[in-house]
Amino acid sequence: MSELKRSSRKERTGIVVSNKMDKTIVVGIQRQVRHPIYGKFIKKTSRLFAHDEKEQAQEGDMVRVAEVRPLSKHKRWRLLEIVERAK
């Protein structure tokens, strides 16, 4: 019988857009999408609400977040690490 492997959780890297909430940061994930007709690449940004328990991330930091169970109405991500501090 084959053993079913549990799928790993999604991880994303992005830049902290806001840290004004209590224990919550907003992370902007930028990607490039090709326009279906014209072929030009367009920058699209997704905003993720992530849980920051120690409130250590600042605006402009590059961070890694992981998918978790729903923590509140909007929060579905958790801060894993700060990859690079803002200058």
- Query: Got a salt bridge between Glu59 and Lys20, using NZ or NE/NH1/NH2 to carboxylate O under 4.0 Å?
  - Reply: yes
Pairwise side-chain contact, [X] with [Y], heavy-atom cut-off 4.5 Å (strictly under):
| X | Y | result |
| --- | --- | --- |
| Val27 | Ile15 | no |
| Val63 | Val83 | no |
| Arg47 | Val17 | yes |
| Arg85 | Gln58 | yes |
| Met21 | Phe49 | yes |

To the nearest 0.5 Å, how far apart are [atom1] in [X] and [atom2] in [Y]?
| X | Y | atom1 | atom2 | answer |
| --- | --- | --- | --- | --- |
| Glu67 | Arg9 | CD | CZ | 7.0 Å |
| Ile29 | Thr13 | CD1 | OG1 | 7.0 Å |
| His35 | Phe41 | NE2 | CZ | 12.5 Å |

Linked, directly or transitively: Leu79 and Val26 (ILVMFWY side chains, under 4.5 Å):
no
Q) Are Trp77 and Leu71 connected in the hydrophobic side-chain network, where two residues link if heavy atoms are under 4.5 Å apart? A) no
Between Val65 and Ala50 the two heavy atoms that sit nearest each other are CG1-CB, 3.8 Å
Under the side-chain contact (heavy atoms from CB on, under 4.5 Å) criterion, do Asp52 and Thr24 qualify, and how do the steps go? CA-CA 5 Å; Asp52 181 9; Thr24 303; over 6 Å; no
Paired with His51, the side chain to side chain donor-acceptor pair (under 3.5 Å) test is passed by just one of Arg78, Arg76, Lys75, namely Lys75
Counting only N and O atoms by type, is there a donor-acceptor contact under 3.5 Å from the side chain of Asn19 to the main-chain atoms of Ala57? yes
So the salt bridge (Lys or Arg N to Asp or Glu O under 4.0 Å) pairs with at least one residue in residues 21-39 (sequence neighbours excluded) are Lys23-Glu53
